[in-house]
Amino acid sequence: SKKVVVKIGSNTLSRPDGTLNRDFFKDLAGQIHLLREEGRQVIIVSSGARIAGVSTLGKWNRKEDLHYKQALCSIGQVELMDSYRKELKEYAVVIGQILLTKEDFTDPNRTLNIRNTIFTLLDEGVIPIINENDTVSVDEIKIGDNDNLAALTANLWNADLLLIMSDIDGVYDKDPSKSPDAKLLEVIQDSSKLISRIEVGNKGSFGTGGITTKIEAAIKVNEYGIPMILANGKKEHIVSNLLKGTAKGTVFLP
Ligand code: ADP
């Protein structure tokens with residue numbers, strides 16, 4: 001896989017107490033550097049702006065109306081990018097931020113513009129880091145979750161692989177937090193039929209979409225002939241190990 005989109009979930013990049021996990025960013029930067037050494041191109045789609053905003057302000061129990069949530073994302077987005085920038089700088093890797101909304105994928109002019117900007121960044125050896133523009137997006141015009149955003153990005157770029165890094169090893173037949181006997185489904189051949197075959201449980205504490213939006217993402221990219229892997233981003237060297245085939249995850253084959 002030459003062109004890889006890596007999506008990082010909120011639970012993956014934060015600690016259980018809600019602060020950004022520096023060790024995670026360090027490990028990820030090292031892995032991204034390796035991928036590039038191997039001749040791969042990488043786009044990151046990252047969640048976590050809101051949780052980073054909460055931990056920056058330190059107000060954990062405030063009631064969050066729409067504008068407060070958007071304010072949190074505005075604060076946290078900077079912290080998030082700061083973490084990526086600091087760690088990737090260690091490998092002399094430059095990053096570029098792209099904040100998108102749903103319209104960017106429905107208006108052909110905007111889509112073309114974004115495509116060209118992404119290609120320009122990659123040509124310059126820069127890693128684009130994409131997130132939804134939560135400060136301007138209200139529910140009606142939202143993509144709503146970064147799993148779907150990552151899938152749209154993979155399709156737009158014609159990626160070879162979408163990697164979704166969550167806090168779980170993959171899709172289980174039952175909710176793993178409730179059923180200790182839940183079995184990891186390692187290979188999915190028909191993503192569009194999966195949802196009716198599994199039990200969907202709650203999402204993680206800072207997550208937005210849960211397992212449902214990850215399956216939606218798989219369906220989206222599989223339709224374009226792109227495989228997707230869902231795996232546990234909290235495990236060290238997971239990206240490299242997945243590409244070597246030595247780590248566990250759920251592979252969705254087109
Ligand atoms: P992220 O922040 O990575 O997007 P989410 O919290 O939104 O993560 O979604 C992942 C969570 O979905 C897992 O931590 C798990 O608890 C939950 N989940 C519910 N049902 C399932 C299932 N059948 N298989 C795997 N995970 C599931």
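In each ligand, atom 1 is the first atom listed, and ligand 1 is the first ligand listed. Here, residue 1 is the first one in the sequence, and each next residue gets the next number.
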How many angstroms lie between CZ in F24 and CE in M165, if you round to the nearest 0.5 Å?
8.5 Å
Could you tell me the separation between the OG atom of S177 and the OH atom of Y172, rounded to the nearest 0.5 Å?
11.0 Å
Is it the side chain (CB and beyond), the backbone, both or neither of I168 that lies under 4.0 Å from ligand 1, heavy atoms counted?
side chain
Students should be able to answer this: which protein heavy-atom is nearest to atom 7 (O) of ligand 1, and at what distance?
G210 N, 2.8 Å
Gap between atom NZ of K69 and atom OG of S74 - 0.5 Å precision
15.5 Å
How far is atom 26 (N) of ligand 1 from the closest protein heavy atom, and which atom is that?
I211 CD1, 3.6 Å
Can a cation-pi geometry be assigned to R62 and Y68, taking NZ or CZ under 6.0 Å from the six-membered ring centre and within 45° of the ring axis?
yes
So the atoms of ligand 1 within less than 4.0 Å of a heavy atom of D167 turn out to be 10 (C), 13 (C), 14 (O)
Just to verify, which of I129, V6, D147, I130 counts as forming a side chain to side chain contact (heavy atoms under 4.5 Å, CB included) with V45?
I130
Out of all atoms in ligand 1, which are within 4.0 Å of some heavy atom of K174? Include the element for each.
23 (N)
Numbered atoms of ligand 1 (with element) below 4.0 Å of G209, judged on heavy atoms
7 (O)
With a 4.0 Å cut-off on heavy atoms, is K7 in contact with ligand 1?
yes
among protein heavy atoms, the one nearest atom 2 (O) of ligand 1 is N11 ND2, 3.2 Å
How many angstroms lie between atom NZ of K7 and atom CD1 of I44, to the nearest 0.5 angstrom?
13.0 Å
Work out whether the distance between some heavy atom of G170 and some atom of ligand 1 is less than 4.0 Å.
yes
Looking at CD of Q31 and CD of E236, how far apart are the two atoms once the value is rounded to the nearest 0.5 Å?
8.5 Å
E132 side-chain N/O to I143 backbone N/O, donor-acceptor pair under 3.5 Å:
yes
Can you find an N or O of E199 that's nearer than 3.5 Å to an N or O of ligand 1?
yes
Based purely on interatomic distance, does K214 place a nitrogen or oxygen under 3.5 Å from a nitrogen or oxygen of ligand 1?
yes
Can you tell me if T153 uses its side chain to pair, donor with acceptor, with the backbone of L149 under 3.5 Å?
yes
Test log, rule side chain to side chain donor-acceptor pair (under 3.5 Å), inputs K220 and N148
CA-CA 8 Å; K220 274 201 173 78; N148 277 289; 2.5 Å; yes
Given S166, S10, G233, G48, which has its nearest heavy atom closest to atom 10 (C) of ligand 1?
S166
Tell me: protein heavy atom nearest atom 6 (O) of ligand 1, and distance?
G204 N, 2.6 Å
Is any N or O atom of G201, backbone or side chain, closer than 3.5 Å to an N or O atom of ligand 1?
yes
With heavy-atom distances below 4.0 Å as the criterion, list the atoms of ligand 1 near P176.
21 (C), 22 (C), 24 (N), 27 (C)
Rounding to 0.5 Å, atoms CG (L194) and OG1 (T250) come to a distance of 8.5 Å
Could you tell me whether ligand 1 has any atom less than 4.0 Å away from a heavy atom of N202?
yes
Among non-hydrogen protein atoms, atom 24 (N) of ligand 1 lies closest to Y172 N, 3.0 Å
Check for me whether S177 has a heavy atom closer than 4.0 Å to any atom of ligand 1.
no
